[in-house]
Amino acid sequence: YFNVIPTNIQRHKHNGNVIGWTVEFTCDSPFAWEVEEKSVSVSGTINLVLDNTSDDATTKYIFPAIHYSPTSNGTFSIVNKSDNNYTMQIDNMRQNDDLYITDVGVITTASNLNVYNDFNKHFLRLIHGSNSLSIKGNGTIVFTMIYPRKVGM
């Protein structure tokens with residue numbers, strides 16, 4: 001998909017009546033976007049591989065959005081073994097209190113609990129290529145990655 005905004009709108013009239021429009025759009029980037037979702041269930045610790053297939057070789061990391069639905073109280077962590085064991089961790093998660101982390105670093109929970117005091121301030125980041133993750137927690141996680149895609153010539 002493309003993110004576009006109308007930048008020039010012209011109305012066309014005939015005999016005082018509008019018979020059409022000409023609309024010019026401007027994209028937010030020189031490329032398109034593709035969304036990929038991956039859902040996993042965790043009970044204890046699991047290993048998972050996520051592939052960052054971004055066409056943008058100049059961006060070092062992709063930051064996926066995360067939706068975590070814990071089924072028990074406790075710590076939730078993700079270690080990216082492919083990125084020098086870079087670790088995202090949130091302690092004191094509450095059962096059934098869904099956690100949402102956007103791709104731009106906004107964290108919310110279903111109960112509006114302030115988790116920043118229990119968060120190590122490291123957001124999950126994916127290097128280009130294959131990322132070997134070790135995930136600790138109990139519940140369901142949905143990862144949403146948004147990749148830039150080259151189109152055209």
Side-chain angles (χ1 to χ4, degrees), residues 1-9 23-153:
Y1 69 90
F2 291 92
N3 288 325
V4 297
I5 57 170
T7 54
N8 186 12
I9 302 172
V23 181
E24 213 173 272
F25 292 93
T26 301
C27 290
D28 70 341
S29 64
F31 42 80
W33 301 97
E34 180 182 16
V35 177
E36 179 185 355
E37 281 194 356
K38 176 79 174 182
S39 180
V40 294
S41 293
V42 180
S43 182
T45 302
I46 67 163
N47 292 314
L48 174 71
V49 174
L50 285 181
D51 291 317
N52 174 355
T53 62
S54 168
D55 287 346
D56 183 9
T58 61
T59 302
K60 190 167 185 176
Y61 301 108
I62 293 288
F63 293 87
I66 299 171
H67 175 196
Y68 174 54
S69 300
T71 55
S72 66
N73 296 338
T75 297
F76 168 60
S77 69
I78 303 174
V79 178
N80 189 340
K81 298 178 195 175
S82 302
D83 186 19
N84 298 317
N85 290 324
Y86 189 85
T87 303
M88 180 190 86
Q89 182 170 315
I90 300 175
D91 298 321
N92 302 316
M93 287 297 305
R94 294 183 185 169
Q95 179 178 356
N96 300 322
D97 192 12
D98 286 10
L99 172 76
Y100 303 91
I101 302 175
T102 68
D103 61 331
V104 293
V106 177
I107 302 175
T108 58
T109 63
S111 70
N112 293 320
L113 177 70
N114 182 356
V115 297
Y116 285 97
N117 292 334
D118 296 317
F119 176 49
N120 71 346
K121 314 304 188 275
H122 294 179
F123 292 93
L124 175 63
R125 62 189 193 187
L126 303 177
I127 61 172
H128 196 270
S130 187
N131 289 264
S132 179
L133 307 179
S134 176
I135 305 169
K136 178 183 174 190
N138 291 302
T140 304
I141 306 168
V142 178
F143 297 97
T144 304
M145 287 75 62
I146 302 175
Y147 301 122
R149 293 289 181 225
K150 294 181 181 175
V151 294
M153 300 167 58

Can you list the steps and then say if V42 with F76 is a side chain to side chain contact (heavy atoms under 4.5 Å, CB included)? CA-CA 10 Å; V42 180; F76 168 60; over 6 Å; no
Tell me, with the steps shown, if S132 and N47 meet side chain to side chain contact (heavy atoms under 4.5 Å, CB included). CA-CA 7 Å; S132 179; N47 292 314; 5.7 Å; no
Please step through side chain to side chain contact (heavy atoms under 4.5 Å, CB included) for the pair M145 and N52, ending with a clear verdict. CA-CA 8 Å; M145 287 75 62; N52 174 355; over 6 Å; no
Kindly determine whether F143 and E36 satisfy side chain to side chain contact (heavy atoms under 4.5 Å, CB included), including the steps that lead there. CA-CA 8 Å; F143 297 97; E36 179 185 355; over 6 Å; no
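Closest non-hydrogen pair, M88 versus N120, comes out as CA-OD1, 3.8 Å. For the residue pair F2 and C27, the shortest heavy atom distance occurs at CD2-SG, 4.0 Å. Counting all heavy atoms, side chain and backbone alike, M93 lies closest to P70 at CE-CG, 4.1 Å. In terms of heavy-atom proximity, S134 sits nearest to K81 at CB-CE, 3.5 Å.
A centroid separation of 6.0 Å or more is found between the aromatic rings of F123 and F63.
Using a 4.5 Å heavy-atom threshold, the side chains of Y61 and I127 count as touching. Between I101 and Y68, the closest side-chain pair of non-hydrogen atoms is not below 4.5 Å. Annotation: side chain of D51 is not in contact with side chain of Y147 (no heavy-atom distance under 4.5 Å).
Of the possible donor and acceptor atoms, none in the side chain of T71 sits under 3.5 Å from a partner among the backbone N and O of S69. With hydrogens and angles ignored, the 3.5 Å screen pairs no side-chain donor or acceptor of H122 with any backbone N or O of Q89. The backbone N or O of G44 sits less than 3.5 Å from a side-chain atom of N138, completing a donor-acceptor pair. Counting only distance, with no hydrogens or angles, the side chain of D97 and the backbone of A110 share a donor-acceptor pair below 3.5 Å. Here the side chain of N80 pairs a donor or acceptor atom with the backbone of S82 at under 3.5 angstrom. For N8 (side chain) and E24 (main-chain N/O), no donor-acceptor pair under 3.5 Å exists by modelled atom type. At least one donor-acceptor pair closer than 3.5 Å links the side chain of N131 to the backbone N or O of G129. Remark: the backbone N or O of K150 is paired with a side-chain donor or acceptor of D55 at under 3.5 angstrom.
Heavy-atom neighbours of R125 CZ from other residues, nucleotides or ligands within 6.0 Å: above the threshold of 12. Applying the 6.0 Å contact sphere to NZ of K121 captures more than 12 heavy atoms from other residues, nucleotides or ligands.
Note that CD1 of I46 and OG of S41 are 8.0 Å apart. Values are rounded to the nearest 0.5 Å. The distance from the CD1 atom of I141 to the NZ atom of K38 is 12.0 Å, given to the nearest 0.5 Å. Between the CG atom of L113 and the OG1 atom of T108 there is a distance of 11.0 Å, given to the nearest 0.5 Å. Here CG of D28 is found 8.5 Å from CD1 of I5. Values are rounded to the nearest 0.5 Å. Remark: I107 CD1 to I90 CD1 distance equals 5.0 Å, nearest 0.5 Å. Rounded to the nearest 0.5 Å, atoms CG (L50) and CG (L124) are 7.5 Å apart.
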